[in-house]
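The residues of the chain are indexed from 1 along the displayed sequence.
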Amino acid sequence: MASIKYPIGIQTFSEIRKEGYIYVDKTEYVWNLANSYKYVFMSRPRRFGKSLFVSTLDAYFRGQRELFQGLAIEKFENDWTEYPVIHLDFSAEDYSMDINLDKRLNLLITEMESVYGKPSQAEDTISSRFRGVIRRAADKTGQKVVVLIDEYDKPLLGSLHEQDRHERMRLKLQGFYSVLKECDPYIRFVLITGVTKFAHVSIFSGLNNMKDISLLPKFNAICGITEKELSDNFQSSLATFAEDNGITLEKTRSIIKANYDGYHFSIKLQEDVYNPFSMISAFDESNVSDYWFSTGTPSYIPTLLRKNAYPLEDLEGTRRTKSQLTDMADPDLDIVPMLFQSGYLTIKGWLPITKQYVLGFPNEEVRKGFWDSLSRYYIVRKSGNSIFDINLFIDEVEKGDAQGFMVGLKSLFASIESDHEPNKEVHFRNMMVIVAKMCGFRTHSEIHSSQGRCDMIIETNNYLYIFEFKINSTSGEALKQIKDRGYAVGHEAGKRKILLIGASFSTKNRNLTDWIIQAG
């Protein structure tokens, strides 16, 4: 049997079709989108198939019927009209310097001018040249123009930490995108994709009729792979993975689902969506790994979390309205919309009374990768060697050696740079959560009970640790709170041994000062 060709890193529809790569048919979405709206915005996480979808739209509007033989769109499309397509891709550039945006815009417009004609003398800015290309394309072909803009937000994401440069980028793009409104009589269709929807970029305020399909139920699976699509297209992939790893087909499905499924992009949670890049990478290698994270975690996310002292224990189960999730105004004020749009959080539930989405990590790849990536930003070592040994720490937690691992934690905190943290208490709690999560323990933070909120619980097969931390107080007070508020109530029936740990942390010394350990 011939091996399956997986299009890893290939985002061009024509290449996938011509070279025999496996293709999951999304062409019904192409037809519905192209024939339902004129101006469309779509947000999806990176490596989720946005660029391939844009490329598929490109081929459709160019009338390349031969590429669509045997696909769903043949049932709907009869005319196959060829339109002039202006395809602008902002992904292939590093925007760490302002000049790189200028270069990219100039390159993209120059390529279009080589097709539809050179600019006049009056077209002496990027915006005026863009306007001229659209008009000449319509005049030359006798058809209205299709504009496809992929990863529009990359220049803005790359400048989040530099306010002045971010504002310069925003103003430059604002002038560029405003051309679309002026050229409306010449335009047949516009699709703009990105990870994040910046509410203050004029493209969204200027085009009042732009349709944001990011959370529409009927477009939930426009990118990514559904369970049905997995069954219809990857049966042999599942079988090969099972054979190569010596496991059953049922176990294979369970592993793939736990690690790469779980995304939702609508209120209606009728179908999960798999991360397509991670899933096909796992099939290609017959291995489970953090493929999505290995392609690069954006540094702006952990930097913003640390800078604003965001309480990490609040992420799982956090709630936001639709407008809060889709229109990101200021990530310094609320980073949750960015975490959702970037794919670190996804929709896990819907509260109809408050009209809020309940968010959480989509799967094990994201959960594990998230905590591991944060450790590099929160646990920054001072010069010199630390005696903290993470493998020893894990062994001590597993064996119930609470005194041993608390000593290890103290040595770890002593080795960490934290002089400039805006909120020492939140930073300490965040480090505790990250250490436990990155070690792979089942960890719960800020656990609610009828009497209050327990700081943290760590579970192993044989032990359950209940922690209460007091800041600039005493470990005795911390232990007393565990007992007085009954944090161990409800856990006694289990077979695991319960250990209560009251500890104090000094913001002056930036370390644990003392602790008391008692059996529960």
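In this structure, a donor-acceptor pair under 3.5 Å is present between the side chains of Asn106 and Arg129. Judged purely by distance below 3.5 Å, without hydrogens or angles, the side chains of Ser281 and Tyr6 never pair a donor atom with an acceptor atom. A side-chain donor from one of Tyr60 and Glu77 sits under 3.5 Å from a side-chain acceptor of the other. A donor atom on one side chain and an acceptor atom on the other are found under 3.5 Å apart for Ser323 and Thr321. Neither side chain, Thr141 nor Gln143, offers a donor N or O lying under 3.5 Å from an acceptor on the other. Neither side chain, Thr81 nor Asp79, offers a donor N or O lying under 3.5 Å from an acceptor on the other. Under 3.5 Å, the side chains of His264 and Asp272 contain a donor-acceptor pair of N or O atoms. Ser278 and Arg47 form no side-chain donor-acceptor contact under 3.5 Å, judged by distance and modelled atom types alone. A side-chain N or O of Thr27 and one of Asp25 form a donor-acceptor pair less than 3.5 Å apart.
We find the CG-CD distance between Asp290 and Glu365 to be 5.5 Å, quoted to the nearest 0.5 Å.
Relative to the six-membered ring of Trp80, Arg62 misses at least one condition, a distance below 6.0 Å or an angle of at most 45° to the axis. Cation-pi geometry between Arg44 and Phe265 is satisfied (NZ or CZ under 6.0 Å from the ring centre, within 45° of the ring normal). At least one cation-pi condition fails for Arg320 and Tyr357: the charged atom is not both under 6.0 angstrom from the six-membered ring centre and inside a 45 degree cone around its axis. For the pair Arg367 and Phe361, the NZ or CZ position fails the cation-pi test of under 6.0 Å to the six-membered ring centre and within 45 degrees of the ring normal.
For the pair Asp89/Asp150, a side-chain contact is recorded, criterion being any heavy-atom separation below 4.5 Å from C-beta on. Two residues are said to be in side-chain contact when any heavy atoms from C-beta on lie closer than 4.5 Å; Tyr310 and Ile335 meet this criterion. Side-chain contact between Phe130 and Leu88 is present, with at least one heavy-atom pair separated by less than 4.5 Å.
Tyr39 has its ring centre no less than 6.0 Å from the ring centre of Phe189. Proximity of the aromatic rings of Tyr274 and Tyr260 is defined here by a centroid distance below 6.0 angstrom, and this criterion is not met. Aromatic ring centres of Phe68 and Phe76: separated by at least 6.0 Å.
Ion pair Arg65/Glu82 not flagged as a salt bridge, since none of the NZ, NE, NH1 or NH2 atoms sits closer than 4.0 Å to an Asp/Glu carboxylate oxygen. Between Asp372 and Lys437, none of the side-chain N atoms (NZ, or NE/NH1/NH2) sits under 4.0 Å from a carboxylate O, so this pair counts as no salt bridge. Under 4.0 Å is where a charged nitrogen must lie from a carboxylate oxygen, and between Glu151 and Lys154 no such pair does. For Glu316 and Lys348, the salt-bridge test fails: no basic side-chain N is under 4.0 Å from an acidic carboxylate O. Taking a cutoff of 4.0 Å between a charged side-chain nitrogen and a carboxylate oxygen, Lys26 and Glu229 qualify as a salt bridge. Salt bridge status for Lys228 with Asp232: present, with a side-chain N to carboxylate O gap under 4.0 Å.
Other residues, nucleotides and ligands contribute more than 12 heavy atoms inside 6.0 Å of the NZ atom of Lys5.
Taking every heavy atom of both residues into account, Ala282 and Ile256 meet most closely at CB-CD1, 4.2 Å.
Judged by distance alone, with hydrogens and angles left aside, the side-chain atoms of Arg136 form no donor-acceptor pair with the main-chain N or O of Arg131 at under 3.5 Å. Remark: side-chain polar atoms of Arg188 are not paired, donor with acceptor, to backbone N or O of Phe61 under 3.5 angstrom.
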